[in-house]
2 protein chains.
Amino acid sequence: MLDEMDKTILGILIEDARISLKELSQKVGLSSPSVSERLRRLEEKKVIRAFTVDIDPAALGYNLTAIVRVRPLPGMLHIVERLIQEMPEITECDKVTGDDCFIGKLHFRSMEQLDGLLDRLAEKAETNTSIVKSSPVKRRLPPLG
Amino acid sequence: MLDEMDKTILGILIEDARISLKELSQKVGLSSPSVSERLRRLEEKKVIRAFTVDIDPAALGYNLTAIVRVRPLPGMLHIVERLIQEMPEITECDKVTGDDCFIGKLHFRSMEQLDGLLDRLAEKAETNTSIVKSSPVKRRLPPLG
DNA sequence: TGCTATGCTCGACGAAATGGACAAGACCAT
DNA sequence: ATGGTCTTGTCCATTTCGTCGAGCATAGCA
């Protein structure tokens, strides 16, 4: 499905998505038209979902991060889901099996702000919040193998 | 700290980090050297941590995702932290306040694989695993405001 | 053996990035 | 006010890069 060359290319792009085709093609030992074509196919196949930029939330003033587990009260599941989607401070959220229904990541500037955000959920769900102290594993890819 | 122009630029780059300087500069209404200079500064200030590529784990064969909460047994904290860092299937992990000490995201191909991975933690920590059913909020940025 | 698919290279041309010289505005101390 | 300087911008010439068309090599297969 993905050959070694594709994986090499992806590995390089993860570290620098703005590398020029030329430099990329030199690193992997192909001509730039072939690399260009491979990129096109990787995008087409949705292996590459997007080229994007990794921004430090702290640089935007969000010095604090929390992980929130959310268990909607009976009958509130869809309302809570919508509520979560409409809170832009929640930057990712998964719906999961188990007692908790949603697990999300929240960026905020102060405890007051956190309190305000959680209050909006409190009427419709039980929440359990853990403040992030550090990130032993930064976002990375699972093995390409 | 970040002016409106920077935020506009970041907003565009989040959606397409490989956009040409020229097109980017047209969209924001500056010349390309100035945009280039702004990018340089944004990288220098570490607002932009990296230009990267968003890859679908499913395209690499990881059809399943779980969120794992890990509570090391007494005295095992550092060993567990190292263990987590050395498990490449864990693609992000935070150290948090509260009963759980670590919360991580895990990509895997089969229940057997999940079982194997959790077994490696089981001797040194209690774990609590939630399988991801869907992702109501895909990775996004908190408000730039 | 010969047909076709795929995936590559090469070279040329137009497009884009870069670097240098310089201008406009904000701010400050004199 | 005057002049210095710092920041952020433009413009333009040069260099670098991406894309396109044409053509070649290999693998799979009737």
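Heavy-atom basis, side chains included; hydrogens, waters and symmetry copies ignored. Chain naming here is simple, since letters A, B, ... match the order of the sequence lines and numbering starts at 1 in each.
An OP1 or OP2 oxygen of C:dT18 is reached within less than 4.0 angstrom by a side-chain nitrogen or oxygen of B:Ser36. Taking 4.0 angstrom as the limit, B:Ser34 places none of its side-chain polar atoms (N or O) nearer than this to OP1 or OP2 of D:dG9. Within the structure, every side-chain polar atom (N or O) of B:Arg40 is placed at least 4.0 Å from both OP1 and OP2 of C:dT18. Between B:Arg41 and D:dT8 there is a side-chain polar atom (N or O) within less than 4.0 angstrom of OP1 or OP2.
The side chain of B:Arg38 lies closest to D:dT8 when the candidates are D:dT10, D:dT8, C:dG11. Taking every side-chain heavy atom of B:Ser20 into account, C:dA16 is the closest of C:dC10, D:dT10, C:dA16. In the set C:dT18, D:dT10, D:dT19, the nucleotide with an atom closest to the side chain of B:Ser31 is D:dT10. For A:Leu21, whose side chain is taken as the heavy atoms from C-beta onward, the closest listed nucleotide among D:dG9, C:dT9, D:dG18 is D:dG18.
B:Arg139 and A:Asp54 are not joined by a salt bridge, as no carboxylate oxygen comes within less than 4.0 angstrom of a charged side-chain nitrogen. Ion pairing between a basic and an acidic side chain is recognised when a charged N comes within 4.0 Å of a carboxylate O; A:Asp56 and B:Lys45 show no such pairing. For A:Glu37 and A:Arg40, the salt-bridge test passes: some basic side-chain N is under 4.0 Å from an acidic carboxylate O.
For the pair A:Gln26 CD and D:dG18 P, the computed distance is 10 Å after rounding to whole Å. Straight-line distance from the NZ atom of A:Lys22 to the P atom of C:dA16: 18 Å, rounded to whole Å. Rounded to whole Å, the distance from CG on B:Leu24 to C1' on C:dT18 is 16 Å. One interatomic measurement links the two molecules: CG of A:Asp3 to C1' of D:dT26, which rounds to 15 Å at whole-angstrom precision. We find that CD of A:Glu4 is positioned 17 Å from C1' of C:dG7, with the value rounded to whole Å. The nearest whole Å value for the distance from the CD atom in B:Glu44 to the P atom in D:dT8 is 11 Å. Atom pair A:Met5:CE and C:dG7:C1' shows a separation of 11 Å (rounding to whole Å applied). We find that CD of A:Glu37 is positioned 16 Å from C1' of C:dC10, with the value rounded to whole Å.
Summarising the base pairing, D:dT26 is matched to no nucleotide, lacking a Watson-Crick or G-U wobble pair whose two defining distances lie under 3.5 Å. Pair assignment for C:dG20 gives D:dC11, based on Watson-Crick or G-U wobble hydrogen-bonding distances that are each under 3.5 Å.
If you chain together hydrophobic residues whose side chains sit under 4.5 Å apart, B:Phe102 and A:Ile67 never meet in one group.
Looking at heavy atoms from C-beta onward, B:Thr8 lies out of side-chain contact with B:Leu144 at the 4.5 angstrom threshold.
Under the 90° criterion around 0 for the glycosidic angle, C:dA5 counts as syn.
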